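Heads up, the thing below is written out as structure tokens.
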Amino acid sequence: MDAGLTLNIIWFVLIGVLLAGYAVLDGFDLGVGAVHLFNKSNEHRRISLNAIGPVWDGNEVWLVTGGGALFAAFPVVYASVFSGFYTAFMLLLFVLIFRAVAIEFRSKRESHRWRRTWDVLFSCSSILISLIMGIAIGNVIQGLPVGADREIRISFLSLFNPYALLVGITTVALFMMHGSIYLVLKTEGELQQLVRSRVNNTVIFFVVSYVSTTMATLVYFPHMAQPFKDYPALFLVALLNMLAVANIPRELHRGKEFMAFLSSSASIAALMALFAIGIFPNFVISNIDPAYSLNIYNSASSQKTLGIMLRMAVIGIPFVLAYTISIYWVFRGKVKLDSMSY
Amino acid sequence: MDTELLARIQFAFTIAFHYIYPPLSIGLGVILVIMEFNYIRTKNKMYERMTKFWVKIFALTFSIGVATGIVMEFEFGTNWAAYSRYVGDVFGSALAAEGIFAFFLESGFLAILLFGWNKVKPAMHFFSTIMVSLGSMLSAVWIVVANSWQQTPAGYHIVGEGLRARAEITDFWAMVFNPSSIDRLSHTLSGAWLAGSFLVMSVSAYYLLKKRHEEIAASSFKTGLGVALFASLFQLFTGHSSAAGVAVNQPAKLAAYEAHYDSSAAGDLYLFGWVDEQNRNVNFGIKVPGLLSYLVYGDFNTPLRGLNSFAKDEIPPVNFVFQTYHLMVAIGFGLIGLTLLGVFLLWRKKLFTAAWYLKLMVVAVLLPQMANQLGWFSAEVGRQPWIVYGLLRTSDGLSKSVEAGQILFSLVLFSIIYLLLFILFLFLLDQKIKHGPDGSDHIVSSDLTARA
């Protein structure tokens, strides 16, 4: 392989890391939103909101940066996918804003009706965001009608096919599980007991939908499994994923909440890795003609730009990690409500 | 309506709405740093309560800025796919740098700024405030660099042909420091400082008029006034420098600013006027003959390239650019006047008792906002018909797979949510202002005149 083109692979991996980082981080706050309505009292809902209060905004930065990196490294993918998924993507942006509004505005008035309304909107938008993202991944797995002109022409409604919906539901379940574990970590007393009792249900929900998705993928989209046949060592990723999921109830049972959260984070990262391995070296497989597929070579920026960007990433990422970790360190421990809280 | 017009309306609408907030965050960020520095320096609790109050206002503008900013990050891909493929190699890099260097810094330390008062030491909190302020300015750096490259492309070459043609970076730093970057960045930043400082002065003036929270209000007003004094005068300098740059780099835009058609004549400077684009002249105008040539070349008689020397399809909508530009300049001078007046009143120890001036300052918060919007409109519409000046036409930058109906649908969607956001913004701003700073406030107003 041309030595220069390894930059394309590095950027495929880096964008995967950014999006996996997004899924792990925003995943738990979306999940906290998805299970928000199971908490009944105002105080419990406030604690739950304040568990994500200091961080949800920073978590979304991973999505924005992932988008920016995709634009810079693989502009053709950025352009074709977002214009191809136009209406779905606009809905996603709409709901993302709506959710931010709901988080900020819920606490601003004492009124019971005001708060209940924003609670419902916050929870529904969290679920919808997870669902739309899962549906997008489902469609990418299936392949899309990429034409010779690199445009994707697909109707909005055909995105909602059964397989994509299944991936969407799995994503919702995954985030619900992840968010519930995060809540166990951040709460105490009565609320923690309530949240803890729900975690097992979310784990079961996730495992059932995940097994269904995996079977459907293997039956209908065997190309996703091809890399694992070619390189059996990759099965380790699948194995890691299963071990991570299985480890969650075990750690919770032992009272090691943080380890449970790490396990669930690891399982999300492993799922993203499985997805990336399945589609590599493509971003979007064309179901019109495989030659039209958008891959890491024909959709990339120049080698020079990829190199410049890599230098930026090498300078920037240690900072990003340092302040991400320090924020989570400062806000570690159980949620305490004070005058600046939501 | 056709896709191009709809896509342009959508972009203009979403960016104009977004741009209400980042300038406020950038301006307030600087003021927060000054206020908290005063607290660290004097240990006076008044400064702490003051900082905490303005942090709440900052948080509001910041969160709406983030929410509406996510849309911008993806709108290039959704609505301007051909443009994105063409410029991704260059423009995308600047945008990605914004994400890596600015957004993480801002949002990471914002958590400490907002929620960390009891969790970290005062010095660490102050450090976080500085980082948030720095992050917001870095964000402006990268996005203005990206936008300036569209105005004055540099450090690139064109690779490929036809639909596959695109710009690729040849020299990263030449791209970053393209001919208009520094002028436009300094102009944008001081516009943002003005937006922030006038907001602070407006709210403080309201408190002073209502005789509430007077100690904090008077101190905040003075801080705002100091920032505004620097920013409004600096703006004169950056504005002139920007226009001189436009004369060299984008002659069609400069000619449109002043509706200058005839290349054999010296450029006049209009105070106001109404451009008749059909007959290519200015009606109802008052002008200073030759002043534009003087500002650009230092000589009243030097001929300046006019719009007649450009093909018809290379001229921006002249009257629109003319009006937005002149209004911006007029407001700019108004801001200088208001600020100098405030400094004069402060010197005469009349600032906090001059009700007429305080009333004026309550509403003056709208002026920097208007100037910022008008300035961007004249800069961006003045670039038309190009999306990248001289390289790519706006009409060639569209997404080919997106239909007019889809854009209309999303435009309706954004109108709804932005209207909602705006109503809530005003409602919450009003609520925070009515609530005021926390804690005790027992200052007799007669003390204040002495203090001022």
Side-chain angles (χ1 to χ4, degrees), chain A residues 53-55 57-58 60-61 63-69 71-76 78-84 86-87 89-91 93-94 96-98 100-101 104-105 108 149-153 156 301-302 304-305 308-309 312-313 316-317 319-320 323-324 326-327 330-331 338-341, chain B residues 60 63 66-71 73-74 76-79 81-82 84-85 87-93 95-101 103-105 107-112 114-120 159 163 168-170 172 399-402 406 409-410 413-414 417 420-421 424 428 431 438:
Chain A
V55 292
D57 194 52
E60 286 191 354
V61 169
L63 177 67
V64 173
T65 305
F71 191 1
F74 302 103
V76 179
Y78 171 84
S80 296
V81 170
F82 292 147
S83 59
Y86 187 86
T87 303
F89 210 75
M90 287 296 167
L91 270 178
L93 291 174
F94 178 83
L96 268 173
I97 297 181
F98 213 96
V101 173
E104 291 298 320
F105 295 136
K108 307 306 185 219
D149 57 357
R150 303 183 286 184
E151 303 285 355
I152 299 169
R153 292 186 175 80
F156 175 61
S301 282
S302 64
K304 184 175 173 76
T305 294
I308 293 168
M309 296 256 304
M312 279 194 217
I317 285 172
F319 286 106
V320 171
Y323 32 81
T324 304
S326 54
I327 294 309
V330 168
F331 293 100
D338 63 32
S339 69
M340 299 294 269
S341 296
Chain B
L60 179 62
S63 56
V66 171
T68 53
I70 296 176
V71 175
E73 184 83 16
F74 294 101
F76 302 106
T78 53
N79 288 35
S84 299
R85 291 191 195 97
V87 304
D89 196 281
V90 184
F91 189 92
S93 313
L95 223 57
E98 185 187 18
I100 294 174
F101 295 125
F103 289 154
F104 277 107
L105 194 66
S107 60
F109 284 102
L110 181 72
I112 298 183
L114 295 184
F115 305 100
W117 290 99
N118 304 320
K119 298 216 176 231
V120 296
V159 176
L163 282 174
E168 290 185 359
I169 296 179
T170 52
F172 180 74
S399 296
K400 291 184 185 59
S401 62
V402 178
Q406 288 176 287
F409 170 71
S410 59
L413 223 52
F414 284 122
I417 191 127
L420 188 65
L421 260 183
L424 285 165
L428 289 169
Q431 200 180 45
D438 287 325

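Everything quoted here is computed from the prediction, not taken from an experiment. Proteins get letters first, then strands, A, B, ... in listed order; numbering begins at 1 in each.
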Among [options], which residue has the highest count of heavy-atom pairs closer than 4.5 Å to chain A?
options: B/Val66, B/Leu105, B/Leu60; value: B/Leu105
options: B/Thr68, B/Asn118, B/Leu421, B/Leu110; value: B/Leu421
options: B/Leu420, B/Ile100, B/Ile417, B/Leu95; value: B/Ile417

For residues A/Leu96 and A/Leu63, determine if any side-chain heavy atom of one lies less than 4.5 Å from a side-chain heavy atom of the other.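 Side chain of A/Leu96 against side chain of A/Leu63, heavy atoms only: contact under 4.5 Å found.
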Is there a side-chain contact between B/Ile70 and A/Leu93 (heavy atoms, below 4.5 Å)?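 Yes, close enough: below the 4.5 Å cut-off.
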Can you establish whether the number of heavy atoms outside A/Phe156 located under 6.0 Å from its atom CZ is more than 12?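 Above 12, so yes.
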Between B/Asp89 and A/Pro75, which heavy-atom pair has the shortest distance, and what is it?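 Smallest interatomic distance, heavy atoms only, reads N-CG, 4.2 Å.
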Provide the closest heavy-atom pair for B/Ala81 versus A/Ser83 in the form atom of the first, atom of the second, distance.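 Taking every non-hydrogen atom into account, CB-OG, 3.5 Å.
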Most chain B-contacting option - heavy-atom pairs closer than 4.5 Å, from [options]:
options: A/Glu60, A/Met309, A/Arg153, A/Lys304; answer: A/Lys304
options: A/Leu91, A/Asp149, A/Val64, A/Val76; answer: A/Val64
options: A/Ser80, A/Ala69, A/Gly84, A/Ala313; answer: A/Ser80

Below 4.5 Å from any heavy atom of chain B, which atoms of [X] appear? Answer side chain, backbone, both or neither.
X: A/Met312; answer: both
X: A/Val101; answer: side chain
X: A/Ile152; answer: backbone

Engaged part of B/Ser93 at the chain A interface, taking heavy atoms whose separation is under 4.5 Å: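 Both parts, heavy atoms under 4.5 Å.
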Under 4.5 Å from a heavy atom of chain A, the part of B/Gln431 involved: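 The answer is the side chain of B/Gln431.
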Any chance you could measure B/Phe414, atom CZ, to B/Phe409, atom CZ, to the nearest 0.5 Å?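 These two atoms lie 10.0 Å from each other.
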is_close_aromatic(A/Tyr78, A/Phe74), centroid dist under 6.0 Å: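 No, they do not, as the ring centres are separated by 6.0 Å or more.
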Return yes if a side-chain donor-acceptor contact under 3.5 Å exists between B/Ser401 and A/Tyr86, otherwise no.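 Distance-only check fails for B/Ser401 and A/Tyr86.
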